[in-house]
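Chain letters run A, B, ... following the sequence lines, proteins first, then strands; residues in each count from 1.
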Amino acid sequence: MTTPPPPPGPSFAVKDVPSALMRQTLLDRELVRPIDRPVMRLLPWLNVVVLGGRSIIDRGREAVGPVVDELRAVMSEHRLLILTGPGIRARHVLSVGLDLGLPTGVLAGLASTEAEQNGHLVAALLAAEGVSYLQHTTIAHQLAVHLSASRAVVSNGYPPYGLYEFPPEVGKIPPHRTDSGAFLIADAYGAARAVYAKDVDGVFTSDPAVEGGTPEFISRVSVAELLGMNLATLPVDLMVLELMARAKHVREIQIVNGLVPGNIAKALRGEHVGTIIHA
Amino acid sequence: MAGPGSATSLESLLMKRSLGDHELMAASDAAPDYAILPDASVVKIGGQSLIDRGRTAVYPVVEELVEIKRTHQILIGTGGGTRARHVYSVAAELGLPTGVLTEVGAAVAGQNAKMLGCLMARYGVPVVGHEAFGALPLYLSECRAAIFPGMPPYDMWQQVPAEGVLPPYRTDAGCYLVAEVYGCRSMIFVKDEDGLYTANPKTDPSATLIPRITVDELIALDLPDVIVERPLLDLMRRARHVTSVQVVNGLKPGLITRALAGEHVGTIISTA
């Protein structure tokens with residue numbers, strides 16, 4: 001690394017550590033640019049699978065059983081980080097918390113707990129295969145060793161924002177949830193794939209449950225196109241699309257119907273069985 | 001039939017719609033806002049601006065904080081500073097992602113909290129990590145102050161910036177979000193300048209002080225360099241409790257005290 005120029009004033013020199021960013025606010029866009037480098041993929045073999053709370057886990061044995069069997073079968077081919085959503089219990093705890101006047105940061109922690117509980121359920125079903133539930137801090141610091149010891153691990157889809165959750169633009173619902181949490185960790189590790197298992201085939205032009213009409217299936221779409229369509233409902237959180245636009249590695253995600261046997265495994269093999277959203 | 005925004009309609013939307021549903025988000029806006037620690041203030045002590053300067057800067061600030069806590073409840077957050085800048089530049093040059101930079105940067109704010117904690121220990125002030133924030137009310141009622149590391153706990157889940165790899169949400173955002181989530185009465189950023197300038201006053205002699213500005217005005221100005229993290233401004237736009245912050249010069253004795261008393265002694269940035 002090149003040595004930075006000497007400090008301009010006498011008062012600064014004493015306790016600085018020389019670096020390319022020394023004495024910067026880190027907020028001047030021109031000054032921070034010189035340190036930009038291509039970002040490496042830490043775990044290029046990682047596959048992230050998201051199991052929706054409401055769409056998969058809340059459906060109980062009928063849905064979870066086959067999904068777990070499928071994950072068990074596909075583990076030999078792919079190393080998996082399985083992330084779970086919170087489902088209906090999060091809606092209940094949000095409802096109570098909102099009624100009590102609690103802030104978004106507290107609500108985020110409460111909802112996250114439910115996603116964690118669903119993770120414990122899925123991990124327990126796969127325990128005999130050597131799969132464990134890992135806390136956020138282990139995912140952030142020891143994922144490599146765990147996925148070297150086991151072909152798959154389970155964690156909480158919610159990111160560890162908790163009290164530090166952003167207030168949302170409108171209202172008080174925590175904006176970083178399972179879908180965006182999973183995307184953030186997938187991109188940070190430079191994962192090979194991110195597959196979202198839901199209870200619909202993918203993205204449709206309209207939601208028949210809400211709007212009626214005849215929905216059209218969208219099999220492949222860019223983030224910009226999808227944002228331009230301004231659809232009333234999407235099977236993934238809108239924030240994922242915003243994050244994709246800035247992502248360093250994960251340039252596409254696939255949303256598949258996890259209730260259709262074989263879909264998750266096919267998507268992990270790179271087959272196109274749902275909606276692919278690309279940056 | 002319950003009208004929009006009523007508890008009943010919010011409850012049914014919560015059960016039926018996706019959490020990103022526009023009607024649901026709008027209905028949640030009408031929920032009440034309960035301030036958890038309304039008597040506390042968050043005071044952020046800059047890393048590069050104060051703590052890196054050693055005792056000439058830090059001792060007087062500690063004395064002032066000890067005096068302040070006789071009459072105010074204060075949560076004291078810490079910044080990173082020159083070591084964070086060093087580790088960011090090493091990690092970025094190695095091609096490591098934003099999440100790794102966030103983790104290693106957070107440790108620097110932690111060291112600063114530890115050092116400040118040693119200086120304030122004899123006054124009963126503890127250092128509290130975010131995982132132990134449940135005990136903050138006790139610390140505040142018993143000794144009226146607690147120190148916390150300012151970096152938010154986003155770790156590998158930190159959002160990536162539009163350009164480069166520097167973590168966009170650092171200690172300014174972390175300290176501010178603590179003030180906002182607890183519904184604190186004020187948020188003071190203690191730095192080594194009199195407030196916000198039109199440019200960085202350390203490198204640009206033509207920079208002039210901006211004593212008061214709104215968040216929208218500041219975003220519109222699109223200054224090349226600013227004294228607070230830019231994403232803080234977006235967070236403030238969405239605030240439900242802390243709609244104004246003040247940046248004061250901690251190298252000038254008495255300004256933190258006066259800012260907490262509601263005086264305008266630095267730059268006030270507010271949402272309106």
query = Where is the tightest heavy-atom contact between B/His86 and A/Ser19, given as atom of each residue plus distance?
reply = CA-CB, 3.5 Å
Proximal component of B/Arg170, with respect to chain A [non-hydrogen, under 4.5 Å] = side chain
inquiry  = Give the interface residues of residues 236-246 of chain A toward chain B, defined by a heavy-atom separation under 4.5 Å.
reply    = A/Met239, A/Leu243, A/Arg246
request  = Identify the two heavy atoms, one from A/Pro103 and one from B/Val181, that lie closest to each other, and give their separation to 0.1 Å.
outcome  = CG-O, 3.1 Å
message = How close do B/Leu235 and A/Pro167 get, counting heavy atoms only, and between which atoms?
response = CD2-CD, 4.0 Å
key: Side chains of B/Met156 and A/Ile139 in contact at under 4.5 Å (non-hydrogen atoms)   = no
request  = Would you indicate whether the side-chain heavy atoms of B/Gln159 and A/His176 approach each other to under 4.5 Å?
outcome  = yes
ask   = Are B/Asp33 and A/Lys172 side-chain neighbours, meaning at least one heavy-atom pair lies under 4.5 Å?
value = yes
message = Tell me which one of A/Leu98, A/Val170, A/Leu107 satisfies side-chain contact (heavy atoms from CB on, under 4.5 Å) with B/Ser28.
response = A/Leu98
query = What distance separates A/Glu169 CD from B/Arg238 CZ, expressed to the nearest 0.5 Å?
reply = 4.5 Å
Largest heavy-atom contact set with chain B, pairs under 4.5 Å, which of A/Ala140, A/Ser95, A/Gly181, A/Gly162 = A/Ala140
inquiry  = Under 4.5 Å from any heavy atom of chain B, what part of A/Leu100 do you find: side chain, backbone, both or neither?
reply    = backbone
key: Proximity breakdown for B/Ile36 and chain A, heavy-atom pairs closer than 4.5 Å   = side chain
inquiry  = Does A/His141 have more than 12 heavy atoms from other residues, nucleotides or ligands lying within 6.0 Å of its NE2?
reply    = yes
task = Measure distances from B/Tyr182 to the heavy atoms of chain A and classify the residue's part below 4.5 Å as side chain, backbone, both or neither.
result = side chain
message = Counting the benzene-type ring for Trp, do B/Trp157 and A/His136 have ring centres under 6.0 Å apart?
response = yes
query = Do A/Leu94 and B/Leu19 come close enough that some side-chain heavy atom pair is under 4.5 Å?
reply = yes
message = Is B/Arg230 in contact with chain A via its backbone, its side chain, both, or neither, using a 4.5 Å heavy-atom distance?
response = both
ask   = Is it the side chain or the backbone of A/Arg41 that comes within 4.5 Å of chain B heavy atoms, both, or neither?
value = neither
query = Atom CG in A/Asp16, atom CG in B/Asp52: separation rounded to 0.5 Å?
reply = 7.0 Å
key: Region of A/Pro38 in contact with chain B, defined by heavy-atom distances below 4.5 Å   = backbone
inquiry  = Under 4.5 Å from any heavy atom of chain A, what part of B/Val100 do you find: side chain, backbone, both or neither?
reply    = side chain
ask   = What residue, out of B/Pro168, B/Ala173, B/Pro161, has the most heavy-atom pairs lying under 4.5 Å from chain A?
value = B/Pro161
A/Asp187 versus chain B, the contacting section by heavy-atom distance below 4.5 Å = side chain
key: side chain to side chain contact (heavy atoms under 4.5 Å, CB included) between B/Arg85 and A/Met22, intermediate numbers included   = CA-CA 6 Å; B/Arg85 284 156 179 78; A/Met22 184 173 77; 5.8 Å; no
Separation of A/Thr137 OG1 from B/Asp155 CG (nearest 0.5 Å) = 6.5 Å
remark   = Greatest number of non-hydrogen atom pairs under 4.5 angstrom with chain A, of B/Gly164, B/Gly183, B/Pro231, falls to B/Gly164
task = For the pair A/Tyr161 and B/Tyr154, name the ring-plane relationship: parallel under 30°, tilted 30 to 60°, perpendicular over 60°.
result = parallel
inquiry  = Suppose we call two aromatic rings close when their centres sit under 6.0 Å apart. Are B/Tyr169 and A/Tyr164 close by that rule?
reply    = no
message = As an exercise, state the distance from CZ of B/Arg17 to CD1 of A/Ile173, rounded to the nearest 0.5 Å.
response = 12.5 Å
query = How far apart are the C-alpha atoms of A/Arg37 and B/Leu96, what are their side-chain angles, what is the distance that settles it, and do they pass the side chain to side chain contact (heavy atoms under 4.5 Å, CB included) test?
reply = CA-CA 9 Å; A/Arg37 295 285 186 284; B/Leu96 295 171; over 6 Å; no
request  = Would you indicate whether the side-chain heavy atoms of B/Thr82 and A/Leu21 approach each other to under 4.5 Å?
outcome  = no
message = Only pairs of heavy atoms separated by less than 4.5 Å count here; which of A/Gly105, A/Ala111, A/Pro168 has the most with chain B?
response = A/Pro168
Minimum side-chain heavy-atom gap A/Val39-B/Thr98 below 4.5 Å = no
task = Using a cut-off of under 4.5 Å on heavy-atom pairs, state which of B/His130, B/Gln48, B/Gln158 scores highest against chain A.
result = B/Gln48
query = Given B/Asp234 and A/Phe166, is the side chain to side chain contact (heavy atoms under 4.5 Å, CB included) satisfied, shown in steps?
reply = CA-CA 10 Å; B/Asp234 279 319; A/Phe166 303 176; over 6 Å; no
ask   = Measuring from B/Phe133:CZ to A/Leu163:CG, what's the distance to the nearest 0.5 Å?
value = 7.5 Å
